[in-house]
Undergrad: 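Mind having a look at this structure? Questions to follow.
Whatever order the structure lists them in is the order used to number ligands and atoms, beginning at 1. Residues take their numbers from the sequence shown, with the count starting at 1.
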Amino acid sequence: MKHVSKQFEVLVRQDRFWGIVQSLFRREYVKKRAVNNINLTIDEGELVGYIGPNGAGKSTTIKMLSGILTPTSGEVRVNGRIPYVDRKENAKQIGVVFGQRSQLYWDLPMRDTFGLYQKMYKIEDAVFKRNVEFYTEMLEMQEFIDRPVRQLSLGQKMRAELAVALLHDPKIVYLDEPTIGLDVMAKSRIRTFIREVNKEKKTTVLLTTHDMDDIEQICNRIVLIDKGALIYDGALHDFKTNYSPGHLLSMQFEEEDVRIADERLQVVGEEGKTKHILFRQDRISVGEAVSLLTRQYK
Ligand SMILES: Nc1ncnc2c1ncn2[C@@H]1O[C@H](COP(=O)(O)OP(=O)(O)OP(=O)(O)O)[C@@H](O)[C@H]1O
């Protein structure tokens, strides 16, 4: 991705009566920059954690990489292709799992869903057979492969989602919150699986998550985004060395436009009046940070 930005036009909602009447004739829009000048290169076979607070721009980035959205400016290429121009070809080389949205057919058992996806992606019989066996075994799906998806547990469904996303041997897989809502055992199984697939098939993984254990156990590199802008890109190990022993403090201020000027305190995210502030404990103690913030800002 080179200098990629995405701007949305959002309709201004009127709440007063005359405002509502006027908006019937003249609609007012404001521009919202969801992704702001991002430069990002991911090599084949990398395991990258793409993290940031709610609304940071992660899903918008993934949608541009999948070809669902067109960037407002900048250049996006996936394996040499422009995703939104070459949508069909791009779809063949990527797999996507959105933890909160399903790609499965509720009334069909997984065995039939696999068959449908074989037709959709035109997967050769030999590859199809090999992959169904491979994923059924790796994800321990034997016990539920013939049961309708609606009868499966959340963890079983997530395993099925992963198998479907990977069935056509995509070179790249985008995983959006793949462990959301799962118990400790189920999370661990999914994390092991992602690492295994990356090792065995050299699949490039871009993972979005709010679970730092996912990042710790799966990724070698993290990319941190906030308010659409990239604020850290590097090894997880370096991030931990620089900010560990570190603390993340979430604080709600009375006003939205508070600017924190102390160089020991780094604002890594904000939602309205709440700011997420990262600091190293060897530079400033928790007590000192809290008292400084409450003294200088409201
Ligand atoms: N279709 C859209 N129209 C208008 N605004 C949008 C649209 N999609 C996203 N946005 C806005 O763009 C910003 C980035 O949203 P995005 O979904 O990319 O964030 P995210 O990092 O994936 O958040 P989360 O962790 O909550 O999933 C948000 O402020 C969101 O409200």
Undergrad: Does the structure place the NZ or CZ of Lys31 under 6.0 Å from the centre of the six-membered ring of Tyr29, at an angle of no more than 45° from the ring's axis?
TA: no

Undergrad: Does Lys157 make a cation-pi contact with Phe144, if we ask for NZ or CZ under 6.0 Å from the ring centre and within 45° of the axis?
TA: no

Undergrad: For the side chain to side chain contact (heavy atoms under 4.5 Å, CB included) test, which of Val48, Ile62, Ile51 pairs with Thr208?
TA: Ile62

Undergrad: Leu47 and side chain to side chain contact (heavy atoms under 4.5 Å, CB included): which partner among Leu207, Ile215, Leu236, Asn220?
TA: Asn220

Undergrad: So which protein residues pack against ligand 1 under 4.0 Å, heavy atoms counted?
TA: Phe8, Val10, Lys32, Ala34, Pro53, Asn54, Gly55, Ala56, Gly57, Lys58, Ser59, Thr60, His210

Undergrad: Is there a donor-acceptor pair closer than 3.5 Å between any side-chain N or O of Gln103 and the backbone N or O of Val96?
TA: yes

Undergrad: If you count every heavy atom of other residues, nucleotides or ligands that lies below 6.0 Å from Arg283 atom CZ, does the total exceed 12?
TA: no

